[in-house]
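First the proteins, then the strands, lettered A, B, ... as listed; each starts at 1.
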There are 2 protein chains.
Amino acid sequence: MPTAASIPDSPDSPGSPDDRADRTDPADRTDPADRTATDRSNRTARPASARAAAPTGANLTALRDHNAATVLSLVRAAGAGGVSRVELARASGLTAQAISKIVQRLTEDGLIAEAGRGASTGGKPRTLLSLVPDVRWAVGAQLGRDTLTVLRADLTGRMAAGRRMPIDLAGWGPDRVLDLLVDQVRLLLADLPGERVLGIGVASPGPLDQHAGVLHQVTGAPAWQGLRLREAVARRLELPTVVEKDSTAAVLSALGSPNRAFVHLDQGLGAGLVLGGAVQRGARTNAGEFGHQTLDPGGPRCRCGATGCVEALWAAAPTPVAAARILGEAVANLVRLLDLDEVVLGGRAVLAAPEVYLAEVRRVLAARLPDPDWQPVAVSVAPAGPDAVALGAAGLVLARLFG
Amino acid sequence: MPTAASIPDSPDSPGSPDDRADRTDPADRTDPADRTATDRSNRTARPASARAAAPTGANLTALRDHNAATVLSLVRAAGAGGVSRVELARASGLTAQAISKIVQRLTEDGLIAEAGRGASTGGKPRTLLSLVPDVRWAVGAQLGRDTLTVLRADLTGRMAAGRRMPIDLAGWGPDRVLDLLVDQVRLLLADLPGERVLGIGVASPGPLDQHAGVLHQVTGAPAWQGLRLREAVARRLELPTVVEKDSTAAVLSALGSPNRAFVHLDQGLGAGLVLGGAVQRGARTNAGEFGHQTLDPGGPRCRCGATGCVEALWAAAPTPVAAARILGEAVANLVRLLDLDEVVLGGRAVLAAPEVYLAEVRRVLAARLPDPDWQPVAVSVAPAGPDAVALGAAGLVLARLFG
DNA sequence: TGACTTTATCCACGCTGTTGCTTAACTGGG
DNA sequence: CCCAGTTAAGCAACAGCGTGGATAAAGTCA
């Protein structure tokens, strides 16, 4: 159930359309800088987009940043209760001395602070440390087909302020929508010094090139095709900008298992994947096309042209329970293929009947995966509710800080 | 097509059954040491096996090892042609000085050596470096239900020697099979000094706990249930030992795209996944259960109890082409969900009719994914042929060295 | 032949985490 | 009440990492 407070709708829509060079030719989508120079593998059938597996070297700065992110991440995971240096040392594998130094730096930066003392375990009691939530902020935005959501999140990933308003992505075109986006972000950040804003994450319907920040064709919105979204937003707001597919962003809307999926059932069906602790985007950053998994070759024809896609079966289901069951079957496939232990359900279709989806997905999972080797799988509804995508987009910015 | 030379069959089977304490109670499968101590997340429905996301700290030793592995990996990727220090510096992001130091250390260890000079680009010609393949060896073994494969691979991942022999996994029981395994490995390593052997990787049918190295139930072979396979092998051979599921091991049998799958169609159907450059095992190290993806709820009943599993549909297919088409449909789902750009087909069922599978999978992929956003996907048959699983198990050991 | 370019190394340096030791802070027995 | 024992955290010296500037080596080209 969506427990967190959600954004109040606020219908106002300024924005003046003017033409800028944000468009790119759909032909040259790939960034040549992304390809490694020393790529002389002698395999016969070489995949086209063998993007740098980035086995990149690390220097002392990278080492320090890595350890700082590690510690910060552990402090965040501890929540308001706090953690002691001793616990940080044990969990990170670093020595107590190293932890002390790192904690000192983080404290000087204002990111963490002492938060009381723990019970003594026979000697000097541990000093507890916790995150200072509001020294840095991340902005998250969701460009929906009919809705724009903009919010501000603190370091713990909690939403502090936000607005949601109706738009017409296809009809208005990029300039008007982006101008509106920019105005709303400026309102959110009005009383904040710029150096305390880490950046902005913008979630959009796919497919897109996440790395380059360029949209591909957005079904039914030709004006957006080839838009250099990251550049466009970064230039207007002068903030570090990250672009992400909506369902992928959503998986970062809350902390969770290192092997989890966010199943986003809105106008389309997508899945955001975190596997082995890392967000998975795939070779062309299009991973998570969950809606067009074939679940029944004899099923109804889908708008994608194929037959028996999950999305088509779901749309054709006679009752809400039947629709939820279809989703459950697809989720069972997902869990089994990737060995997930957490599935978060979200998107408007789910939020319209959360109990039905929760119950049916759990039921199908229990039936399809009776073997204890595959249990338990935690199934829940996105705590951020309708803000999950935008909050996850903000989480994408926070992720830079936490490793 | 399986081009590489494959292991000659050699039927001999010593091995004396004696009882050792390699068994573990199936109840205490999880290793308590794997769980983080500072795990006090306040989520309500916490997944049971939220194994340490391991945001572990790094010290200077780890930094050095990481950079050495990075460089070594780049040298390996360059193949026999070699790479220069300058290219290594550019690809790794390290300075030329750092590369020089690292190269010096690696050369002293005998892992790499100079391999001629490149053409001058206007000044002193570059000194080319390449891997010395046979200074270290990795052993790979596949415990099949009816076959034992044991081989030795050099640093480039090429098989140097190996044997394959029939066994009866269920009938013989662990001790006889493991004794045979140990004898065969000793034969393979007879003329090698121990310090040049990096370790052994053992692939087995799943499910298993890869991290703990403990088998779960092996269908039809109750004597193997709960066997501490890693400990048992490590104790007998006194070598670093890694255990892996067969299909997961196979994905490491050759270098390839950072987003690829090895589809292993043998007695069962499994998939080994490399996503984002990392092998994916999932929450309970059971990822890749590809055979029991539901592809047609109205289909025939599977031995797993459900209906319409890929495996059941495949088995029920009237012709080899129809069977290959089923696999193609399942692979199309996989490619679309994870955005893969490379799929390798292997296992005896594929190797029995490689052209049929290759053609059908390619055909279905082209039909199911007409959108250029999803192309090209390189589809091939495992170059290592029947040795893919064992070679991948050896690759698992090599992976330690290459990062 | 000599100027120039590129490659690779030498050496001093700053910064990292580590080690050994000291100080701080609390528990609990006599 | 005191003091031994225990645990937490900081201080100082240190080894090892990659970096930056200078330099030698080995080619090209006019």
Looking at [X], does any N or O in its side chain come under 4.0 Å of the phosphate oxygens OP1/OP2 on [N]?
| X | N | result |
| --- | --- | --- |
| R105(B) | dG16(D) | no |
| R126(A) | dA25(C) | no |
| T95(A) | dT18(C) | yes |
| N59(A) | dC17(D) | no |

In whole Å, I'd like the distance from the [atom1] atom of [X] to the [atom2] atom of [N].
| X | N | atom1 | atom2 | value |
| --- | --- | --- | --- | --- |
| R117(B) | dA8(C) | CZ | C1' | 10 Å |
| L88(A) | dG10(D) | CG | P | 12 Å |
| K124(A) | dA4(D) | NZ | P | 21 Å |
| R85(A) | dT18(C) | CZ | C1' | 18 Å |

Check: L131(A) main-chain N/O paired with R76(A) side-chain donor or acceptor under 3.5 Å: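 No, the answer is negative, given that no donor and acceptor are paired below the 3.5 Å cut-off.
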Sugar-phosphate only, base, or nothing, as touched by T127(A) at under 4.0 Å among non-hydrogen atoms: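 Sugar-phosphate contact only.
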Sugar-phosphate, base or nothing in reach of S100(A), heavy atoms under 4.0 Å: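 It contacts sugar-phosphate atoms only.
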Exercise: identify the closest heavy-atom pair between A138(B) and A394(B):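 Result for this residue pair: CB-O, 3.6 Å.
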Donor-acceptor pair between Q97(B) and S100(B) side chains, under 3.5 angstrom: no
